[in-house]
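As structure tokens, the structure follows; a few thoughts come after it.
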Amino acid sequence: MKLKQRVVVLALLLVILVLTKLLLLDRLETSAAQRQDQLSFQRMMSGLRLTMDSRLEHTLQSPWEIASQWVVPREVYPEDTPEMGAVLHAMATKKIIRADVGYKGTQLKALLVLDGGQKVVFKPKRYSRDYVVEGEPYAGYDRHNAEVAAFHLDRILGFRRAPMVIGRYVNLITEIKPVATEQLLSTFLKQGNNTCFYGKCYYCRETEPACAEREVMEGAVTLWLPDVWPLQKHRHPWGRTYREGKLARWEYDESYCDAVKKTPPYDAGPRLLDIIDTAIFDYLIGNADRHHYESFQDDEGASMLILLDNAKSFGNPSMDERSILAPLYQCCIIRVSTWNRLSHLKHGTLRSALLSATSHDPIFPILSEAHLEALERRLQGIIGTVQQCIDQFGTDIVMVEDRMTVSHV
């Protein structure tokens, strides 16, 4: 063999060796990521069922101090949270020392301060579990049980971006009225034997109060995020116009995602992938009302998209509003870790996981059977949408490896 031919053969062999090594490394990295996701899923499943115990072992801190220390730019609470049951127990049982009208917004809520100075947002029961909210996917009052279910779905998906929520029964006469501000007290009234209030908000009306069964009202309390983490509000790039006959650009422009990708903070960092995670989350719960979202201030796009205000969810179990998934099917990208978690939740696992996660809650059962079935159906819809993206663009384009390390000081 001539020298020139030998050089060509050696060069080809070298290229083959390099490509083989790169392929093996890629497979090793992929399998390592899959093992990491598998272990994370197993840890989540083993810790889903919480013990509602007031005791906090190995610490002299209050539950509020512990929960405050959990918050970092990419998580509201860490993966390993043995004290979560104690924090939720405190939210459901601690004495209410002050009650006021809720912060500004469109829906009825009350701002409560619990013993130890912790603020929580109380959303009252407006519907029975089986009630179906007809009309637009964002129609109706807030659903208190939806906040509880959404929080635990956040745990199950491994996002850890939703503030903690638990159901609570409050006696409006003995627990609220003695510590209520004049502004809140002025909205109390009676309907028959039932005590009611209508609060202060954009849609709050004296003719549409929330009423207790006699004196005791069912609701849900959401833990207020620490004041040291001020929030910044953003317009959601896939928000609706809420005007009949007027479409948002994303509703008619299939290339809309390309424009979003050129706009800060979606042109770099994790925010666009957070938007897509949130679309998946919102589609599962049936939330078509996320016109804005919050992150932590001065984050330059590095903060998580915080999953606040999830109460416009679980309204109609028969309605699967596909437009909620627009960020996913228009951008056709998804985190590998999110995809792996969704894959682990198939074949009834999601339903059983949510039942297990919520079994401790004082207002269990949280969801009707119809809503649990809807979750399973919508999960299949998400998986089918991702598969369509893979068929069109290939796995390497659709699957994005974006694992962000978080530290809890």
Side-chain angles (χ1 to χ4, degrees), residues 52 54 56 61-73 75-77 81 83-125 142 144 146-148 150-151 154 160-172 174-188 197 199-202 204 210 217-233 292-297 303-304 306-311 361-363:
M52 295 296 289
S54 61
L56 285 168
Q61 292 178 302
S62 75
W64 317 135
E65 290 172 322
I66 290 171
S68 177
Q69 290 172 3
W70 283 342
V71 181
V72 294
E75 289 181 343
V76 174
Y77 54 90
T81 51
E83 305 94 347
M84 181 174 283
V87 175
L88 290 170
H89 181 271
M91 291 168 61
T93 60
K94 285 285 188 182
K95 182 180 178 180
I96 299 166
I97 61 174
R98 179 179 166 85
D100 199 357
V101 295
Y103 56 93
K104 63 181 180 180
T106 62
Q107 297 289 314
L108 173 60
K109 60 185 76 72
L111 181 61
L112 308 180
V113 180
L114 305 182
D115 189 24
Q118 177 63 51
K119 289 186 284 189
V120 295
V121 176
F122 177 80
K123 294 189 178 181
K125 176 182 177 180
D142 276 359
H144 72 299
E147 290 283 14
V148 178
F151 161 61
D154 175 67
R160 300 188 289 280
R161 300 170 204 157
M164 284 179 283
V165 185
I166 191 166
R168 176 165 180 161
Y169 291 98
V170 297
N171 189 305
L172 296 182
T174 62
E175 291 185 272
I176 300 296
K177 290 191 80 172
V179 296
T181 62
E182 285 298 324
Q183 194 173 23
L184 179 59
L185 276 176
S186 66
T187 73
F188 271 68
F197 76 100
K200 298 281 187 182
C201 70
Y202 187 80
C204 289
M217 175 175 279
E218 178 183 316
V221 289
T222 301
L223 195 70
W224 194 271
L225 289 171
D227 291 336
V228 295
W229 292 96
L231 300 182
Q232 182 174 349
K233 195 169 188 176
H292 289 79
Y293 68 86
E294 285 82 13
S295 69
F296 293 130
Q297 277 186 9
S303 159
M304 63 186 156
I306 304 166
L307 297 174
L308 284 172
D309 291 333
N310 302 306
D361 197 281
I363 65 170

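Note that the structure is a prediction, hence the values are computed from the model and not measured.
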Inter-residue atom distance Leu108.CG - Cys204.SG, 0.5 Å rounding: 4.5 Å

With Arg168, the side chain to side chain contact (heavy atoms under 4.5 Å, CB included) member among Leu88, Ile96, Val120: Ile96

Could you tell me which non-hydrogen atom of Leu223 sits nearest to which non-hydrogen atom of Ala67, and how far apart they are? CD2-CB, 3.7 Å

Using a 4.5 Å cut-off on heavy atoms from C-beta on, say whether the side chain of Leu225 contacts that of Ile306. yes

With sequence neighbours left out, the residues meeting side chain to side chain contact (heavy atoms under 4.5 Å, CB included) with Gln183 are Asp100, Val101, Thr181, Lys200

Leu231 backbone acceptor or donor facing Gln297 side chain under 3.5 Å: yes

Could you give me the CA-CA distance, side-chain angles and deciding distance for His144 and Ile363, then say whether side chain to side chain contact (heavy atoms under 4.5 Å, CB included) is met? CA-CA 10 Å; His144 72 299; Ile363 65 170; 3.8 Å; yes

Test item: Val121 and Trp224 side chains (from C-beta on) under 4.5 Å apart, heavy atoms: yes

Nearest heavy-atom approach of Glu218 to Tyr169 is OE1-OH, 3.4 Å

Looking only at atom types and distance, does a side-chain atom of Gln118 sit under 3.5 Å from a main-chain N or O of Leu114, one as donor and one as acceptor? no

Rounded distance [0.5 Å steps], OG1 in Thr187 versus CD in Glu182: 11.0 Å

For the student: nearest non-hydrogen atoms of Ala220 and Val148, plus distance: CB-CG2, 3.9 Å

Looking only at atom types and distance, does a side-chain atom of Trp64 sit under 3.5 Å from a main-chain N or O of Lys119, one as donor and one as acceptor? no

Taking the side chain from Glu75 and the backbone from Val72, do they hold a donor-acceptor pair closer than 3.5 Å? no

Among residues at least two apart in sequence or on other chains, which ones pass side chain to side chain contact (heavy atoms under 4.5 Å, CB included) with Ala99? Leu112, Ile176, Val179, Ala180, Leu184

Would you name the heavy atoms of Pro163 and Arg161 that are closest together and state the gap between them? CD-O, 4.0 Å

For Pro226, give me all partners under side chain to side chain contact (heavy atoms under 4.5 Å, CB included), at least two apart in sequence or on another chain. Ser68, Val71, Val228, Trp229

Between Met84 and Trp70, is a side chain to side chain contact (heavy atoms under 4.5 Å, CB included) present by the stated rule, with each step listed? CA-CA 10 Å; Met84 181 174 283; Trp70 283 342; 4.2 Å; yes

Taken in chain and number order and not counting sequence neighbours, the residues that satisfy side-chain hydrogen bond (donor to acceptor under 3.5 Å, both in side chains) with Asp154 are Tyr77

Which heavy-atom pair separates Pro362 from Ala92 by the least distance, and what is that distance? CG-CB, 4.2 Å

Closest non-hydrogen atom pair, Ala146 against Ala311: CB-O, 3.9 Å

Pairs where residues 88-97 contributes a residue and the test salt bridge (charged side-chain N to carboxylate O under 4.0 Å, His left out) is met, not counting sequence neighbours: none

For Glu147, check side-chain hydrogen bond (donor to acceptor under 3.5 Å, both in side chains) against everything at least two apart and list the hits. Lys123

Does a side-chain heavy-atom distance below 4.5 Å link Met217 with Val170? yes

Run Met164 and Phe151 through side chain to side chain contact (heavy atoms under 4.5 Å, CB included) and show every step you take. CA-CA 6 Å; Met164 284 179 283; Phe151 161 61; 3.6 Å; yes

Value rounded to 0.5 Å, distance of CG in Asp309 from CD in Gln107: 9.5 Å

